[in-house]
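Reading through the structure tokens given below for one structure.
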Amino acid sequence: MDITLNGEPRRTDATTIAALIENEGLGQRRVAVEVNGEIVPRGRHAEHALADGDRVEIVHALGGG
């Protein structure tokens, strides 16, 4: 399916947010995810299905000091 990920067109075979996060190599990081302007709580990442044309934003925290 075709989605927009962080403003860039992307083709993916991920069917859920959790699968997309894993495919992007962010599985071990704390991330915030928004789909079509709506925040999706972390507890729903595995059950939230992606659809063709979705606009997904994934933001992860960077450590530092």
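Along the sequence shown, residues are numbered consecutively beginning with 1.
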Show which side-chain atoms of residues 38-50 pair as donor or acceptor with protein atoms under 3.5 Å away, not counting sequence neighbours.
| residue | atom | partner | partner atom | Å |
| --- | --- | --- | --- | --- |
| Arg44 | NE | Glu47 | OE2 | 3.2 |
| His45 | NE2 | Val40 | O | 3.2 |

Open item on the list: Side-chain heavy atoms nearer than 4.5 Å, only ILVMFWY residues, links allowed to pass through others: does that put Val59 and Val31 together?
Closed with: no
Task: From CD1 (Ile21) to CD (Gln28), nearest 0.5 Å - done: 11.5 Å
Please tabulate, for the side chains in residues 7-16, all donor-acceptor contacts under 3.5 angstrom to protein atoms that are two or more places apart in sequence or on a different chain.
| residue | atom | partner | partner atom | Å |
| --- | --- | --- | --- | --- |
| Arg10 | NH1 | Glu24 | OE1 | 3.0 |
| Arg10 | NH1 | Glu24 | OE2 | 2.6 |
| Arg11 | NH1 | Asp2 | OD1 | 3.0 |
| Arg11 | NH1 | Asp2 | OD2 | 3.2 |
| Thr12 | OG1 | Ala14 | N | 3.0 |
| Thr16 | OG1 | Ala19 | N | 3.1 |

- [ ] Identify whether Met1 and Ile58 are in the same connected component of the hydrophobic contact network (ILVMFWY, side-chain heavy atoms under 4.5 Å).
- [x] yes
- [ ] For a side chain to side chain contact (heavy atoms under 4.5 Å, CB included) with Val56, tell me which candidate from Thr4, Asn36, Leu5 qualifies.
- [x] Leu5
- [ ] Sorted by first residue and then second, give each salt bridge (charged side-chain N to carboxylate O under 4.0 Å, His left out) pair with at least one member in residues 52-61; sequence neighbours left out.
- [x] none
Open item on the list: Working note: Leu20 + Val33, criterion side-chain contact (heavy atoms from CB on, under 4.5 Å); need CA distance, chi angles, decisive distance, verdict.
Closed with: CA-CA 11 Å; Leu20 181 62; Val33 180; over 6 Å; no
